[in-house]
Trainee: 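Pasting in a structure now, in structure tokens, and then I'll have a few things to ask.
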Amino acid sequence: MNKLRRPMLIILCLLLFILAACQGEGETENKQENLNEIVYASTKDIRDINPHLYSGEMAAQNMVFESLVVNTADGIQPGLAESWDISADGLEYTFHLRKGVTFTDGEPFNAEAVKLNMDAILENIERHAWLDMVNEMKENVVVDEYTYKLVLKHPYYPTLTELGLTRPFRFISPKAFKDGQTKNGVTSYAGTGPWVLTEHKENQYALFTANEDYWGERPKVKEVRWKVMPDHQTILLALEKGEIDLIFGADGDMIDIDSFKALEEQGKYQTEISNPIASRAILLNTNQTITGDSKVREAIQYAIDKQSIADDVLNGSESIANTLMASTVPYSDLDLSVSSFDPAHAAQLLDEAGWTLGDGKVRSKDGQKLELSIYYNSDNAQEKTISEFMQQDLKNIGINLKIIGEETQAFADRQKTGEFDMMYSLSWGPPYDPQSYLSSWRIPAHGDYQAQLGLEKKEWLDQMITSVMIEADEEKRQDMYAQILTYIHDENVYIPLTYSRTKAVHVPELQGIIFNVSQYEVPFEHMFFEKNRGWESRGGSAFSV
């Protein structure tokens with residue numbers, strides 16, 4: 001190198017480093033001025049967060065509204081109820097409520113408010129019928145100002161767990177009711193939670209402010225700005241530009257695994273990943289002509305290379321699933337058969353079912369080609385890639401798989417109609433699995449119900465699910481769950497793929513990132529900014545001036 005050029009190059013590099021550092025310092029000063037606001041990127045608007053309905057985002061509902069009890073990794077903990085008593089026959093739950101708690105509109109939280117909320121939920125029982133807890137509620141009783149009693153029709157073992165779900169058993173101020181009800185909407189979102197929704201511009205942003213009068217431990221920052229960014233690439237670009245602080249979500253909704261891994265390796269941001277939470281699976285519709293054949297369903301089970309999906313699509317971040325429910329899920333540690341990847345056996349099963357290859361690449365039977373369609377949510381790029389892997393696996397045994405992406409609402413509507421051969425399904429994870437998830441199988445609005453409709457023992461299956469919820473004997477309950485899960489496993493209604501995880505990417509100065517038991521909650525109240533930690537990484541500089 002020319003001797004004159006070398007010192008000039010060194011000077012130029014130093015100038016560039018200083019400029020980058022100064023830019024980073026400017027960004028730091030701007031951010032440090034607003035250490036009290038977390039900017040969270042979401043592909044979805046919060047919509048209507050009435051806690052007794054289902055159109056709003058669950059994470060937003062969890063911020064504003066609270067329940068009597070809380071599901072945690074350490075079991076059921078007190079929430080708005082300090083303690084509770086359960087009668088010997090399991091029919092009465094008496095809750096001793098916290099005193100001095102108020103809704104954010106000033107209304108007192110007491111037993112009367114609890115009863116009004118519970119009665120309002122019962123008034124919309126058809127909408128909540130997927131959850132057996134609602135079907136088992138007999139009476140809501142005000143014992144005294146701070147004592148509420150729930151009376152059930154039968155002993156219902158998941159009572160406390162389901163009372164702690166994100167919806168519908170959350171409490172909204174009675175002043176917000178419309179004509180004494182909540183099923184037709186509410187006039188405001190007044191809850192008792194750590195956050196208050198103070199501003200909302202549809203499909204743009206929502207601003208949540210810390211509840212200054214919160215009865216419990218208050219949030220560590222003053223605001224959470226929920227920024228709506230429907231496009232995943234826009235979210236990543238916003239993170240790079242320092243416009244957002246946090247990406248948080250499960251199953252590729254907010255960030256796909258490739259982007260997650262790339263950001264992890266980059267080292268500029270911090271990444272977190274939860275323990276396995278939910279079962280990622282494919283529904284095979286037993287009520288359709290081709291997939292109604294049990295041998296075809298079994299063949300597809302053996303044809304899918306789950307390990308390649310886990311390794312190549314999901315970058316090894318998820319473990320393969322041989323059963324719909326992981327053995328760690330309550331009542332699910334069963335000795336079930338394993339359908340390992342075996343294309344030769346899959347081809348043999350199709351031969352036995354009368355689907356022959358002949359001279360073509362696609363099998364046929366009685367003049368009909370062996371063609372299937374799989375539907376996925378077009379907002380989930382991960383599902384599209386998995387579909388393409390399965391498409392090749394099925395092509396190898398003579399099945400032509402068509403891949404169809406649909407917008408979120410169209411995808412949800414298709415589950416209700418049952419007009420699909422194959423469709424993505426994700427169990428709900430704790431605290432919903434197995435009881436609440438299986439309970440939803442009996443409701444026509446769910447894809448699970450539609451996919452199971454062609455089963456010979458569908459009526460028995462639904463009745464067993466109903467019965468297991470009110471079985472008081474633990475040993476009998478275990479046996480009933482074993483029968484349910486074994487039957488659905490042996491009928492190959494589901495192709496379990498992997499066990500999914502919740503992922504988070506955040507700027508290094510944002511601390512306190514944890515995962516709640518439920519994958520649908522984002523625990524913003526634990527998060528805070530740590531001054532002078534990692535600020536130098538923003539703006540591209542590796543050191544400060």
Side-chain angles (χ1 to χ4, degrees), residues 41-44 57-59 229-239 246-266 269 271-284 300 304-321 324 326 341 372-394 401-412 414-415 420-429 447 494-505 515 519-520 522:
S42 174
T43 57
K44 300 173 185 176
E57 280 300 291
M58 295 173 74
M229 296 182 169
D231 180 69
H232 293 81
Q233 293 306 314
T234 303
I235 290 178
L236 293 174
L237 182 61
L239 182 68
L246 173 69
I247 304 172
F248 191 109
D251 190 37
D253 284 343
M254 304 302 170
I255 185 169
D256 62 80
I257 191 61
D258 288 337
S259 300
F260 180 83
K261 286 290 185 181
L263 291 170
E264 186 175 51
E265 292 169 3
Q266 183 181 344
Y269 307 98
T271 58
E272 324 282 346
I273 191 164
S274 73
N275 292 323
I277 46 168
S279 303
R280 187 194 304 279
I282 303 296
L283 282 171
L284 295 177
I300 296 173
I304 304 301
D305 186 356
K306 301 177 186 179
Q307 194 63 59
S308 290
I309 291 172
D311 292 342
D312 299 335
V313 181
L314 303 171
N315 270 321
S317 65
E318 297 182 10
S319 56
I320 66 169
L324 180 60
F341 179 52
L372 301 172
S373 297
I374 185 168
Y375 294 86
Y376 73 95
N377 187 334
S378 57
D379 289 337
N380 195 317
Q382 201 163 260
E383 289 182 352
K384 180 183 179 182
T385 308
I386 292 173
S387 299
E388 290 167 349
F389 266 66
M390 292 194 298
Q391 184 181 53
Q392 185 59 50
D393 285 340
L394 295 182
L401 180 65
K402 297 177 182 178
I403 303 171
I404 305 168
E406 294 186 323
E407 295 297 323
T408 303
Q409 189 57 54
F411 180 76
R414 186 169 295 279
Q415 294 185 58
F420 60 88
D421 299 315
M422 300 169 64
M423 178 170 273
Y424 279 87
S425 173
L426 190 70
S427 79
W428 303 345
Y494 297 82
I495 303 175
L497 296 177
T498 60
Y499 298 122
S500 70
R501 299 183 176 203
T502 302
K503 305 168 189 68
V505 179
F515 298 102
Q519 63 176 319
Y520 305 109
V522 185

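Residues: numbered from 1 along the sequence shown. Treat the numbers as computed from the prediction; the structure is a model and nothing was measured.
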Trainee: Are the side chains of Leu426 and Glu383 in touch, meaning some heavy atoms are under 4.5 Å apart?
Mentor: no
Trainee: Quick one: list whatever passes side-chain contact (heavy atoms from CB on, under 4.5 Å) with Glu265, sequence neighbours left out.
Mentor: none
Trainee: Does Thr498 use its side chain to pair, donor to acceptor, with the backbone of Ser500 at less than 3.5 Å?
Mentor: no
Trainee: Indicate the atoms forming the closest heavy-atom contact of Ala278 with Gln519, along with that distance.
Mentor: CB-NE2, 3.7 Å
Trainee: In Å, rounded to the nearest 0.5 Å, how long is the span from CG of Leu324 to CG of Leu497?
Mentor: 10.5 Å
Trainee: Are Ile255 and Leu263 side-chain neighbours, meaning at least one heavy-atom pair lies under 4.5 Å?
Mentor: yes
Trainee: Do the rings of Tyr424 and Tyr376 sit parallel, tilted or perpendicular, given the 30° and 60° boundaries?
Mentor: perpendicular
Trainee: Can you tell if the side chain of Ile374 reaches within under 4.5 Å of the side chain of Leu401, non-hydrogen atoms only?
Mentor: yes
Trainee: Working to the nearest 0.5 Å, report the span between CE of Met390 and CG of Asp393.
Mentor: 8.5 Å
Trainee: State, with a plain yes or no, whether a side-chain heavy atom of Phe260 is found less than 4.5 Å away from one of Thr271.
Mentor: yes
Trainee: Can you give me the closest heavy-atom contact between Ser427 and Tyr520, atom names plus distance?
Mentor: O-OH, 4.3 Å
Trainee: If you round to the nearest 0.5 Å, how far is CD of Glu272 from CD of Glu264?
Mentor: 9.5 Å
Trainee: Within a strict 4.5 Å, meaning less than it, do heavy atoms of the Ile386 and Arg280 side chains meet?
Mentor: yes
Trainee: Stepwise, does the ring-ring contact (aromatic ring centres under 6.0 Å, His included) test hold for Phe248 with Phe515?
Mentor: CA-CA 10 Å; Phe248 191 109; Phe515 298 102; 5.4 Å; yes
Trainee: Side chains of Leu284 and Tyr494, heavy atoms from C-beta outward: is any pair under 4.5 Å?
Mentor: no
Trainee: Quick one, Ile247 and Lys503 - any side-chain contact, counting heavy atoms below 4.5 Å?
Mentor: no
Trainee: Are Ile309 and Ile320 side-chain neighbours, meaning at least one heavy-atom pair lies under 4.5 Å?
Mentor: no
